[in-house]
K.L.:
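Can you read through this structure? Questions will come right after.
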Amino acid sequence: MSGRQASLAVVGHDGLIRDIRAGRLPGLDKLLPLFDLLGLESYFGPPRETGVVEQVILDGADFSQIPLHEAYLAAGDGHLNGDAPVVGQLAFRKDWLKKIGVSPSKAVLARVHGDSMQPTMQPDDLVMIDRARNTVPVRARTANDRRPATIYALLHEGHARIKRIERPEEGLMMLVSDNPAYGPEILTGSRIEALNIIGKVMWWGHTNRE
């Protein structure tokens with residue numbers, strides 16, 4: 001959502017975000033609706049930790065335990081997981097999670113299945129998903145914009161998948177693979193409505209196999 005879109009939604013004109021950027025802070029009658037629109041808490045700062053997270057201290061550093069689910073995110077057509085149980089946990093430094101903007105209680109780990117995201121991701125790679133980032137913003141691209149699309153974990157027609165998602169306009173989404181053998185999938189109308197974003201993929205890692 002652009003600053004203009006947010007301003008129009010809250011106050012009916014495009015000046016609200018412009019005023020904030022210029023240092024003219026509006027009253028709470030405008031700020032609180034803006035917080036609600038953007039999914040923010042009504043205080044100044046990043047979202048506060050509200051969930052129960054197991055903490056670990058190693059060598060004097062604080063770590064948070066992130067649950068690993070027995071779930072596979074297909075890098076191809078989709079994978080059925082059902083109610084995937086937690087089968088383990090991995091510890092990540094709390095200061096690193098804070099740096100990348102991930103709340104530990106909103107993070108989960110799963111594995112990749114399939115080859116459509118190669119070479120970026122390999123089969124059985126672990127991915128960390130931030131469930132708090134479960135919307136794909138509209139982002140129109142210029143001809144010179146070469147940035148790769150953001151990677152998301154998603155449920156589409158009951159299948160768990162992992163793809164880059166382009167959303168150039170409100171009624172259009174494209175599921176994009178990194179493997180050039182797989183072409184983009186164009187979603188419109190009811191196919192977009194059938195898509196549920198689990199969250200944004202914030203980290204992944206794999207074991208080198210000879």
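When reading the values below, keep in mind they use all heavy atoms of this one structure, side chains included, and skip hydrogens, waters and symmetry mates.
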K.L.:
Set out, in order, the CA-CA distance, both residues' side-chain angles and the distance that settles side chain to side chain contact (heavy atoms under 4.5 Å, CB included) for Leu154 and Lys163, then state yes or no.
P.N.:
CA-CA 8 Å; Leu154 57 109; Lys163 293 289 181 184; 4.2 Å; yes
K.L.:
In this structure, would Leu8 and Leu37 fall into the same cluster of hydrophobic residues linked by side-chain contacts under 4.5 Å?
P.N.:
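Different hydrophobic clusters.
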K.L.:
Is there a side chain to side chain contact (heavy atoms under 4.5 Å, CB included) between Leu34 and Leu16 once you walk through the steps?
P.N.:
CA-CA 9 Å; Leu34 179 63; Leu16 177 61; 4.3 Å; yes
K.L.:
Could you check whether Glu70 pairs with Arg111 (Lys NZ or Arg NE/NH1/NH2 to Asp/Glu carboxylate O, under 4.0 Å)?
P.N.:
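Looking at Arg111 together with Glu70, the answer is no, because their closest N to O distance does not fall below 4.0 Å.
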K.L.:
At what distance, to the nearest 0.5 angstrom, does CD of Glu185 lie from CZ of Arg191?
P.N.:
6.5 Å
K.L.:
Is Asp178 paired with Arg164 through a side-chain N to carboxylate O contact shorter than 4.0 Å?
P.N.:
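Looking at Asp178 together with Arg164, the answer is yes, because their closest N to O distance falls below 4.0 Å.
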K.L.:
Does the side chain of Tyr152 come under 3.5 Å of the side chain of Asn134 through a donor N or O and an acceptor N or O?
P.N.:
no
K.L.:
Just do the side chain to side chain contact (heavy atoms under 4.5 Å, CB included) check on Leu73 and Val127 with the steps written out, would you?
P.N.:
CA-CA 9 Å; Leu73 301 166; Val127 294; 3.7 Å; yes
K.L.:
Look up atom NZ in Lys98 and atom OG in Ser103, then write down how far apart they are to the nearest 0.5 Å.
P.N.:
11.5 Å
K.L.:
Taking all non-hydrogen atoms of both residues, which atom of Val10 and which atom of Lys30 are closest, and how far apart?
P.N.:
CG1-O, 3.7 Å
K.L.:
Same hydrophobic cluster for Ile151 and Val136, using side-chain heavy-atom links shorter than 4.5 Å among ILVMFWY?
P.N.:
no
K.L.:
How many angstroms lie between CD in Gln65 and CG in Leu109, if you round to the nearest 0.5 Å?
P.N.:
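Separation between the atoms: 10.5 Å.
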K.L.:
Any side-chain heavy-atom pair from Leu25 and Asp19 closer than 4.5 angstrom?
P.N.:
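They are not in contact (no side-chain heavy atoms under 4.5 Å apart), so the answer is no.
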K.L.:
Are Val87 and Phe92 in one and the same hydrophobic cluster, where Ile, Leu, Val, Met, Phe, Trp and Tyr link if side-chain heavy atoms are under 4.5 Å apart?
P.N.:
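Cluster IDs for Val87 and Phe92 match.
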K.L.:
For the atom pair CH2 (Trp204) and CG (Asp125), what is the distance rounded to the nearest 0.5 Å?
P.N.:
9.5 Å
K.L.:
State plainly whether one hydrophobic cluster holds both Met128 and Leu90, where clusters connect Ile, Leu, Val, Met, Phe, Trp and Tyr through side-chain heavy atoms under 4.5 angstrom apart.
P.N.:
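The answer is yes; both residues are in one hydrophobic cluster.
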K.L.:
Can you tell me if Thr188 uses its side chain to pair, donor with acceptor, with the backbone of Leu172 under 3.5 Å?
P.N.:
no
K.L.:
CZ of Arg18 to CZ of Arg24: how many Å apart, nearest 0.5 Å?
P.N.:
8.0 Å
K.L.:
What is the distance from atom CG of Leu97 to atom NZ of Lys94, rounded to the nearest 0.5 Å?
P.N.:
9.5 Å
K.L.:
Would you say the side chain of Ile165 lies within less than 4.5 Å of the side chain of Met173, judging by non-hydrogen atoms?
P.N.:
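A side-chain contact under 4.5 Å exists here.
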K.L.:
Do you know which two heavy atoms are closest between Val86 and Pro67, and how far apart they sit?
P.N.:
CG1-CB, 4.0 Å
K.L.:
Less than 4.0 Å between a side-chain N and a carboxylate O, is that true for Arg139 and Glu169?
P.N.:
no
K.L.:
Any carboxylate oxygen within less than 4.0 angstrom of a Lys/Arg side-chain nitrogen, looking at Asp95 and Lys99?
P.N.:
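Salt bridge between Asp95 and Lys99, a charged N being under 4.0 Å from a carboxylate O: no.
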K.L.:
Determine, stepwise, if the pair Asp115 / Tyr182 fulfils side chain to side chain contact (heavy atoms under 4.5 Å, CB included).
P.N.:
CA-CA 9 Å; Asp115 65 351; Tyr182 295 81; 2.6 Å; yes
K.L.:
Considering all heavy atoms of both residues, which atom of Arg141 and which atom of Pro148 are nearest to each other, and what is their separation?
P.N.:
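Arg141 and Pro148 have their closest heavy atoms at NH2-C, 3.7 Å.
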K.L.:
For a quick test of reading the model, state the closest non-hydrogen atom pair linking Pro104 to Ser64 and the distance between them.
P.N.:
CG-OG, 3.6 Å
K.L.:
Flag the pair Val102 / Trp96 as yes when at least one side-chain heavy-atom distance between them is below 4.5 Å, and no otherwise.
P.N.:
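Answer no - side chains too far apart.
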K.L.:
Could you go through residues 192-203 and list every donor-acceptor pair under 3.5 Å that involves a side-chain atom there, pairing it with any protein atom two or more places apart or in another chain?
P.N.:
none

K.L.:
Could you state whether Leu32 and Ile20 fall into the same hydrophobic cluster, counting links through intermediate Ile, Leu, Val, Met, Phe, Trp or Tyr residues with side-chain heavy atoms under 4.5 angstrom apart?
P.N.:
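Cluster IDs for Leu32 and Ile20 match.
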K.L.:
Give a yes or no on whether the backbone of Gly15 and the side-chain of His13 come within a donor-acceptor separation of less than 3.5 Å.
P.N.:
yes
K.L.:
Do Arg161 and Leu175 have side chains that get closer than 4.5 Å, going by heavy atoms?
P.N.:
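Result yes, sub-4.5 Å side-chain heavy-atom pair found.
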K.L.:
On a heavy-atom basis, which atom in Met121 and which in Ile162 lie closest, and how many Å separate them?
P.N.:
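Shortest heavy-atom separation between Met121 and Ile162 comes out as SD-CD1, 3.6 Å.
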K.L.:
List the atom of Ser105, the atom of Arg131, and the distance in Å for their closest heavy-atom pair.
P.N.:
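Answer, listing the atom of Ser105 first, then Arg131: O-NH2, 2.9 Å.
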